Every structure is written in structure tokens, then in C-alpha cells.
Amino acid sequence: MAVIIVHETPGVTREQYERVTDVLSGGKGMVRSRADWPVPGLISHAAGPTDDGWIVVDVWESEEAFRSFAEQLMPALAEAGMPDVPPKIYPAANVVTA
């Protein structure tokens with residue numbers, strides 16, 4: 001079952017987010033297309049600033065696919081100096097892609 005992952009991190013900057021995407025994309029910088037970030041199970045990714053930090057909202061094919069990716073993600077977040085804030089995980093009742 002598809003899941004929605006919401007990761008809100010207070011105090012995080014765009015620069016930190018971009019540092020993480022650069023690491024995860026193998027040095028390609030900001031992720032602009034699926035080809036930049038060929039992660040198994042990822043359906044969609046959106047990120048942007050909040051009033052006090054940064055938010056990422058992903059849709060994954062399954063929680064297991066996200067947790068597998070998290071093994072790469074967590075060290076990259078720590079390396080960028082991001083706080084250890086666990087994401088919220090919700091079941092997706094409907095997923096529409098363009």
C-alpha cells in the first residue's frame with residue numbers, strides 16, 4: 001500500500017536540503033527529475049520552506065520502500081547537520097500522478 005511521508009524539520013535551511021539532495025543524487029545537485037534520483041519505490045517528492053524550517057512530502061509505493069531508502073537518507077541528514085526528527089507516515093487512500 002502506498003504511503004505519504006511528511007518530514008517537517010524546524011531550523012533546516014534550503015542550503016541543508018540541497019546538500020542532502022546532492023549527496024543522495026550522487027553529486028547531481030538539486031533533484032529535478034526521476035532520472036536525477038532513481039530511488040526504487042519513490043512515486044513523488046516535493047519540498048519547500050516553512051515558517052520555521054523545511055518540509056518534505058513524499059509518496060512511496062510502500063513503507064518498506066521508504067524504510068529501505070531511509071538507510072541512505074539518515075546518514076546524509078546527519079552529515080548536513082539536520083535535527084533527528086522522525087517523519088510522519090500516513091496510508092495513502094488515493095495517489096494521482098501526471
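Computed from a prediction, not measured in an experiment: that's the story for all the values here.
- Looking at Val57, Ile5, Val3 one by one, the single match for side chain to side chain contact (heavy atoms under 4.5 Å, CB included) with Pro87 turns out to be Ile5.
- In the hydrophobic clustering of this structure, Leu73 groups with Leu42; members are Ile, Leu, Val, Met, Phe, Trp, Tyr whose side-chain heavy atoms approach within less than 4.5 Å, directly or through other members.
- In terms of the side chain to side chain contact (heavy atoms under 4.5 Å, CB included) criterion, residue partners of Val85 (sequence neighbours excluded) are, by chain and number, His7, Thr9, Pro10, Pro83.
- When atom types are taken as modelled, the side chain of Gln16 and the backbone of Ala80 share a donor-acceptor pair closer than 3.5 angstrom.
- Two residues are said to be in side-chain contact when any heavy atoms from C-beta on lie closer than 4.5 Å; Val95 and Ile43 meet this criterion.
- With sequence neighbours left out, the side chain to side chain contact (heavy atoms under 4.5 Å, CB included) criterion links Ser68 to no other residue.
- The two residues Trp54 and Ala47 come nearest to each other via the heavy atoms NE1-CB, 3.5 Å.
- Sequence neighbours left out, the pairs with a member in residues 68-87 that pass ring pair (Phe, Tyr, Trp, His ring centres under 6.0 Å) are Trp37-Phe69, Trp60-Phe69.
- The two atoms that bring Met82 and Val12 nearest to each other are CE-CG1, 3.4 Å, heavy atoms only.
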For Val56 and Tyr17, run side chain to side chain contact (heavy atoms under 4.5 Å, CB included): C-alpha distance rounded to whole Å, both residues' side-chain angles, the deciding distance at 0.1 Å, then the answer.
CA-CA 9 Å; Val56 173; Tyr17 168 78; 4.1 Å; yes

Can Asp84 and Met74 be said to form a side chain to side chain contact (heavy atoms under 4.5 Å, CB included), step by step?
CA-CA 8 Å; Asp84 186 14; Met74 299 314 287; 3.7 Å; yes

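- With rounding to the nearest 0.5 Å, the separation of CG in Asp58 from NE2 in His45 is 5.5 Å.
- Remark: Glu18 pairs with Arg14 by the salt bridge (charged side-chain N to carboxylate O under 4.0 Å, His left out) rule, at least two apart or across chains.
- Linking Ile, Leu, Val, Met, Phe, Trp and Tyr whenever their side-chain heavy atoms come within less than 4.5 Å leaves Leu24 and Val59 in two separate clusters.
- Minimum interatomic distance between Pro75 and Ala70 (heavy atoms only, all atoms of both residues): CD-O, 4.3 Å.
- Take Thr50 and apply the side-chain hydrogen bond (donor to acceptor under 3.5 Å, both in side chains) test, not counting sequence neighbours, and it matches Asp52.
- Residues satisfying the side-chain hydrogen bond (donor to acceptor under 3.5 Å, both in side chains) test with Glu63, not counting sequence neighbours, are Arg67.
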Evaluate the criterion side chain to side chain contact (heavy atoms under 4.5 Å, CB included) for residue pair Ile89 and Ile4; output intermediate values, then yes/no.
CA-CA 6 Å; Ile89 302 173; Ile4 301 164; over 6 Å; no

Assess whether side chain to side chain contact (heavy atoms under 4.5 Å, CB included) is satisfied between Asp22 and Val20, documenting all intermediate values.
CA-CA 5 Å; Asp22 188 53; Val20 171; over 6 Å; no

